[in-house]
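First the proteins, then the strands, lettered A, B, ... as listed; each starts at 1.
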Amino acid sequence: MFKLATTQLWVHDQDEALQFYTRKLGMEVRADVTLPELGDFRWLTVGPPSQPDVAITLMAIPGPPVMDEHIADQVRDLMAKGFAGAVFLTTDDVQASFEELRGRGVEFTEPPEERPYGIDAGFRDPSGNSFRLTQVREVAPV
Amino acid sequence: MAFAPPARHLLRAKDLADARYFEPLTVDDLARVAGLSRAHFSRQFRRAFGEAPHSYLLTRRLERAAALLRSTDRSVADICVSVGLQSVGSFTTSFTRTFGLSPTAYRATFPSAATYAHVPACVLRVYGRPQHRTFREDRAAAPV
């Protein structure tokens, strides 16, 4: 069976995203390599310290010839509107995580609230990608 | 206030070192989080975890620095700062003492970071594709 290894988010600015994901969210840099043979393409991945085999690629929006200006503008437009991507995180203690992240300057769009599935909160990265932070309710075995 | 065993305070300090190693943290900061004087904290920490807090914080930083040397193409100075150390000279000394090789020599014993990066084939295909050129385009662009 396969495993989820790496997923991708578009970001406006890789350096800004790197600061946010490492300094504010506390993720680790998994790879940060610039490849001259690919027109200085920068492969930048981060991941949570507790999951060394899972990573998120923070991908800059390319210009032509990789992506034409029209499509790049569409991607930027979707990002600005918050429709470009989402990540769902879980935590053992959403209130503690919320306060810790807020203390580091993460701007929450929603404070922790009770839901049928647990307690969850929401925030965005600097590019507008949506994050949910959820303390999943434990369901007693039937 | 709920009772917390003393080791819980020490663990809080240890967690801080693990989570915020990239900030200019010192043993004083760790002692403050544990709510103990520096000297008392250092003794208690060593008793609980078998290692001095300064050493724990430093080795956490060196572990991350080694990972960044292997997995990124950033400069040694940049890596030094990004793990919370200010002096490249002290970083190089500590690193060399711990790993038996300087940061640059350590990096050289591994394949380049690009080898580890596993840039997927779809990216290589798209970003590595040259722009199509023909002689006719050159002629069309030239003034008649």
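Taking 4.5 Å as the limit, every side-chain heavy atom of B:H118 sits out of range of all side-chain heavy atoms of A:T45. Taking the side chain as every heavy atom from C-beta outward, A:L35 and B:Y127 never approach each other to under 4.5 Å. Side-chain contact check for A:W43 versus B:P120: some heavy-atom pair is nearer than 4.5 Å.
Taking OG of B:S82 as the start and CZ of A:R23 as the end, the distance is 7.0 Å to the nearest 0.5 Å.
No more than 12 heavy atoms of other residues, nucleotides or ligands shown are found within 6.0 angstrom of CZ on A:F83. Crowding of A:D92 atom CG: a count of heavy atoms from other residues, nucleotides or ligands under 6.0 Å not exceeding 12. Summarising the local packing, CZ of A:R115 is surrounded by more than 12 heavy atoms from other residues, nucleotides or ligands at distances under 6.0 Å. The number of heavy atoms from other shown groups lying within 6.0 Å of CD (A:E107) does not exceed 12. Counting heavy-atom neighbours within 6.0 Å of A:E37 CD, excluding the residue itself, gives a total above 12. Heavy-atom contacts from other residues, nucleotides or ligands closer than 6.0 Å to CZ of A:R132 number more than 12.
Residues A:M27 and A:V33 fall into different hydrophobic clusters, defined by Ile, Leu, Val, Met, Phe, Trp and Tyr side chains chained together at heavy-atom separations under 4.5 Å. In the hydrophobic cluster analysis, where Ile, Leu, Val, Met, Phe, Trp and Tyr join through side-chain heavy atoms closer than 4.5 angstrom, A:M79 is grouped apart from A:V106. A:V54 and A:F131 are not part of a single hydrophobic cluster, where members link through side-chain heavy atoms under 4.5 Å apart. Connection of A:W10 to A:Y21 is not established within any shared hydrophobic cluster, with ILVMFWY side chains joined at heavy-atom distances below 4.5 Å, either directly or through further cluster members. Placement of A:L101 and A:V87 within a single hydrophobic cluster is found when ILVMFWY residues are connected by side-chain heavy-atom separations under 4.5 Å, directly or transitively.
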Next item on the list: I would like to know whether A:F41 and B:L124 meet side chain to side chain contact (heavy atoms under 4.5 Å, CB included); could you show each step before the answer?
Entry: CA-CA 9 Å; A:F41 168 78; B:L124 296 176; over 6 Å; no

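Contact tally against chain B (heavy-atom pairs below 4.5 Å) for A:P64, A:A31, A:G39: the top residue is A:A31. Annotation: maximal heavy-atom pairing with chain A below 4.5 Å, among B:G128, B:S112, B:P130, B:A114, occurs at B:A114.
Using a 4.5 Å cut-off between non-hydrogen atoms, the part of residues 53-77 of chain B that approaches chain A consists of B:R60, B:R64, B:L68, B:S71, B:T72, B:D73, B:R74. Within residues 18-35 of chain B, the residues that have a heavy atom under 4.5 Å from a heavy atom of chain A are B:R20, B:F22, listed by number.
Contacts of A:M59 with chain B are made by side-chain atoms alone, with heavy-atom separations under 4.5 Å and no backbone atom involved. Heavy-atom distances place no part of A:T6 under 4.5 Å from chain B, backbone and side chain included.
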